[in-house]
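Only one structure is covered here, and it is reproduced in the block below.
Please read these numbers as outputs of a predicted model, since none were measured by experiment.
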Amino acid sequence: MTVKLTSVRIAAGSPSTDKKNHQMPHQTEMAGSRLARVSVLLFIAAAVLISGCARGTRAGTPLTPVDESKGDVYIYRNKSEVARAQPFYTTVDGHIGPALANGSYVVFHLEPGKHNVVVSPGPWGFNRGRTIQVSAGERSYYQFDFTPDPEDKLHFEQTVLRARPVEAARADIALLPGISPRATERRISFRRSTYASLSDAMALPGVNDKARTTYEHWLKQKLPRAFVVSTGGGWISTWGLSVIDAPGISDPATRAMQRCARWRNVVCQMYAVNTSVVWTPFPAKMIAAERKRRQSGQRSEEAIDDMNVEKATDATAGQDESAVQSKTDAVTMPSLEQLIVD
């Protein structure tokens with residue numbers, strides 16, 4: 001998409017020019033200041049439009065050659081009518097990655113060795129992760145797959161991050177557009193809930209006292225802000241437009257869900273956004289299915305890997321943005337503010 005800014009030239013001797021010639025110095029200075037502010041806003045608007053239209057590769061584009069000193073890990077999701085507007089969030093070794101849009105893929109260029117990769121479908125289902133052994137000069141492919149719940153249109157019955165054979169994965173990826181390698185945000189609207197009063201920290205579901213204390217601290221922070229809780233008793237507190245470890249992601253709700261993707265085998269859901277509680281309880285059927293899955297596969301290699309990673313990344317410890325707040329506020333456009341639906 002191309003954004004074209006057009007300037008307007010005023011002919012000499014026109015009424016507009018004559019008026020400007022008769023302005024007092026302080027009026028000229030004020031006009032110049034206003035013009036400068038308008039120019040900055042136009043520049044920001046153009047940047048927002050351009051970045052919003054940025055796309056990755058087109059479907060069918062040949063894969064880029066592998067750096068011989070690194071390995072490429074491809075993560076993809078096939079196109080589906082279910083959760084088509086829901087971005088899936090990615091992390092590698094705890095670092096925020098790009099959001100995985102419906103019917104797209106992302107490639108990570110990683111140093112040789114073991115890496116912890118997690119994909120989160122947001123509130124739709126459980127996060128899944130893999131410890132991946134990366135070899136220099138080689139590609140590996142993983143698909144985040146899900147089974148929609150036939151009775152519950154807003155949640156998945158099962159989720160899995162599975163290794164895919166090379167030929168099958170390349171055939172899938174050939175049909176998908178890649179996405180830009182930077183972290184991205186897609187703002188989602190939330191429906192206001194009658195679950196509890198915003199100020200009632202004791203109403204937070206399934207969390208410890210530290211989470212409640214953090215929530216009370218979060219209530220004192222500036223807008224915009226978001227607070228997330230997980231099925232594992234975890235919590236994430238975000239606020240402000242700019243943090244140093246997620247540059248360019250100004251929406252706290254997006255950052256909260258992206259931070260949730262550091263944890264395996266949990267579902268994260270928004271509890272409160274700005275001045276509204278938006279929480280709805282996790283479906284009991286989904287929680288029971290996950291409990292059954294873990295019990296039936298508790299001795300598998302994947303389950304042991306999950307257990308080791310979960311111990312190293314304790315989800316009940318929570319995440320808070322106090323230490324990563326930027327001292328310089330980002331500039332945002334009013335049209336990008338979070339939408340709360342009654």
Residue pairs passing the disulfide (SG to SG under 2.5 Å) test where at least one lies in residues 203-280, sequence neighbours excluded = Cys260-Cys268
Can you pull the ring pair (Phe, Tyr, Trp, His ring centres under 6.0 Å) pairs that have at least one residue in residues 153-179, sequence neighbours excluded?
-> Trp124-Phe156, Phe146-Phe156
Who pairs with Asp320 by salt bridge (charged side-chain N to carboxylate O under 4.0 Å, His left out), at least two apart in sequence or on another chain?
-> none
Got a sec, which residues hit side-chain hydrogen bond (donor to acceptor under 3.5 Å, both in side chains) with His95, two or more places apart in sequence or on another chain?
-> none
Find the distance between NZ (Lys114) and CG (Asp93) and round it off to the nearest 0.5 Å.
-> 12.5 Å
Is Arg77 positioned over the aromatic face of Tyr105, cation under 6.0 angstrom from the ring centre and no more than 45 degrees off axis?
-> no
Considering only heavy atoms from C-beta outward, does the side chain of Tyr142 approach that of Ile132 to under 4.5 Å?
-> yes
Test item: Val73 and His115 side chains (from C-beta on) under 4.5 Å apart, heavy atoms = no
Do Val207 and Tyr271 belong together in a cluster built from hydrophobic side chains that touch within less than 4.5 Å?
-> yes
Option passing side chain to side chain contact (heavy atoms under 4.5 Å, CB included) with Pro252 (candidates Thr238, Val273, Leu223) = Thr238
Thr231 OG1 to Arg291 CZ distance, which is reported to the nearest 0.5 Å | 10.5 Å
Mark yes or no for whether Gln319, through its side chain, and Arg259, through its backbone, hold a donor-acceptor pair below 3.5 Å.
-> yes
Check: Ile75 and Val117 side chains under 4.5 Å, non-hydrogen atoms | yes
Any salt bridge between Lys79 and Asp172, counting N to O under 4.0 Å?
-> no
Please, which pairs that meet disulfide (SG to SG under 2.5 Å) have at least one residue in residues 201-252, sequence neighbours excluded?
-> none
All heavy atoms of Ala226 vs all of Trp218, minimum pair found to be O-NE1, 3.1 Å
If we only count heavy atoms from C-beta on, is the Pro98 to Thr90 side-chain gap below 4.5 Å?
-> yes
Members sharing Val160's hydrophobic cluster, built from side-chain contacts under 4.5 Å between Ile, Leu, Val, Met, Phe, Trp and Tyr, are none
Looking at Arg170 and Glu167, does any basic side-chain N land under 4.0 Å from a carboxylate oxygen?
-> no
So CZ of Arg128 and CD of Gln158: to nearest 0.5 Å the spacing works out to 8.5 Å
Taking side-chain hydrogen bond (donor to acceptor under 3.5 Å, both in side chains) as the test, write out the residues that go with Tyr215, two or more places apart.
-> none
Consider only side-chain N and O atoms of Thr159 and Arg293, and report whether a donor and an acceptor are under 3.5 Å apart.
-> no
With sequence neighbours excluded, tell me which residues meet side-chain hydrogen bond (donor to acceptor under 3.5 Å, both in side chains) with Arg255.
-> Glu321
For the residue pair Tyr76 and Tyr141, is the inter-centroid distance of their aromatic rings smaller than 6.0 Å?
-> no
Do you reckon Val82 sits in the same ILVMFWY cluster as Leu154, going by side-chain contacts under 4.5 Å, direct or chained?
-> yes
Working to the nearest 0.5 Å, report the span between OG1 of Thr214 and CG of Asp209.
-> 10.5 Å
Could you note down all residue pairs passing disulfide (SG to SG under 2.5 Å) where residues 93-152 supplies at least one of them, sequence neighbours left out?
-> none
Would you check if there is a donor-acceptor pair between the side chains of Arg264 and Asn116 at a distance under 3.5 Å?
-> yes
Out of curiosity, His109 NE2 to Asp72 CG, how far, rounded to the nearest 0.5 Å?
-> 5.0 Å
Where at least one partner belongs to residues 280-289, residue pairs that pass salt bridge (Lys or Arg N to Asp or Glu O under 4.0 Å), sequence neighbours excluded = Asp149-Lys285, Glu151-Lys285
Would Gln269 and Thr280 count as having a side-chain donor-acceptor pair, cut-off 3.5 Å?
-> yes
Test item: Tyr195 and Pro205 side chains (from C-beta on) under 4.5 Å apart, heavy atoms = yes
Whether Trp235 and Phe227 hold their rings parallel, tilted or perpendicular, with breakpoints at 30° and 60° = parallel
Drop me the distance from Arg164's CZ to Ile173's CD1, to the nearest 0.5 angstrom.
-> 9.5 Å
Donor + acceptor pair across side chains of Thr254, Asp251 (<3.5 Å) | yes
Hydrophobic cluster partners of Val324 (side-chain heavy atoms under 4.5 Å) = Val243, Ile244
Non-hydrogen atoms of Pro177 and Gly103 that approach each other most closely = CD-O, 3.2 Å
Are Val277 and Val229 co-members of a hydrophobic cluster defined by side-chain heavy atoms under 4.5 Å apart?
-> yes
Donor-acceptor contact present, side-chain Arg225 to main-chain Asn274, <3.5 Å = yes
Please walk me through it: do Phe88 and Phe144 pass ring pair (Phe, Tyr, Trp, His ring centres under 6.0 Å)?
-> CA-CA 9 Å; Phe88 292 1; Phe144 189 88; 5.3 Å; yes
Hits for side-chain hydrogen bond (donor to acceptor under 3.5 Å, both in side chains) against Arg162, two or more places apart or cross-chain, chain-then-number order -> Asp145
Closest non-hydrogen contact found for Ala163 with Arg130 is N-NH1, 3.4 Å
